[in-house]
Amino acid sequence: MIRQLADVDELFHAAAEQVCRIGQLSFETTGRFSLVLSGGSTPRGLYQLLAQHPYRSQVDWHKVEFFWGDERSVSPDDPRSNYRMAREAMLDQLGVPAERIHRVETERPDLHQVARGYEEQIERVLGQVAGVGRRPPHFNLFLLGMGEDGHTASLFPHTAALHEADRWIVAHDVAKLATERVTMTPPIINAAHFIMFLVAGASKARVLADVLQGPRDPDRYPAQLIHPLTGEVMWFVDRPASECLIQHHRIEA
Ligand code: 6PG
């Protein structure tokens, strides 16, 4: 489903309503609400809105389990930290207890160890999934953004993490940024019950059309790897970002 909103304010309100609706449904049907946050600049406005009336009273935010889909290799107080952005925009405002905040400890030296530790933490909080082999748990809601190059989380074009089939979290080099990132992988992202992309601004129009309506080339457009197994994927886009989309029935105003 693609929701097209007139501008970024309408986008944030529509997304906030959907997050709260899914939160209520998740508590009713699964007894919990596990929410994976995205980083970058776009979701800040959504997080700020969720901490305000009326959204702050629509979900018991003190019982929500917060995770991150990816993190930069910086300390938690660094202005580039995805954790810090969400903490300042929402978690502090809502007074979320520390035990519900599961951040990626990228200040530690060995990010491969950090990635494994984060997998174990997710399994501790969400529990193991019964069945053959080690299967990823199901987050209730997974928020994602998309870069102008079609990357999502820290799954960048032509990187090894795109083809990860077993691990849920990996640390990997992102040559184009000359840095290391820790990111969730397609197997655990696609196990989520709901996935919500937030994409705003004219600079994303070309890539959004290529990702959604262009030929399949996930090495070039990693966002094309996101197809939930049994869950639902929703794209919340503003009008400038959807300028290149061919309008059809799946695009809702
Ligand atoms: C990150 C994000 C990344 C982000 C896109 C879009 O750590 O940067 O998780 O995947 O969602 O880069 O970023 P903007 O919202 O800033 O355009």
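For ligands, and for the atoms within them, numbers begin at 1 and follow the listed sequence. The figures here come from the full heavy-atom set of this structure, side chains too, leaving out hydrogens, waters and symmetry mates.
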E107 side chain near P76 side chain, heavy-atom distance below 4.5 Å: yes
Cation-pi check, R100 onto F66 ring (under 6.0 Å, within 45° of axis): no
H151 (side chain) donor-acceptor with Y221 (main chain) under 3.5 angstrom: no
Spatial distance of atom CG (L141) from atom CD (E232) [nearest 0.5 Å]: 10.5 Å
Gap between atom OG1 of T185 and atom CG of L162 - 0.5 Å precision: 10.5 Å
Under 4.0 Å from ligand 1, counting heavy atoms only: the protein residues, by chain and number: G39, G40, S41, T42, D70, R72, N82, G145, M146, G147, H151, T152, A153, R181, K204
Sequence neighbours excluded, every pair satisfying salt bridge (Lys or Arg N to Asp or Glu O under 4.0 Å) that has a member inside residues 136-159: D149-K176
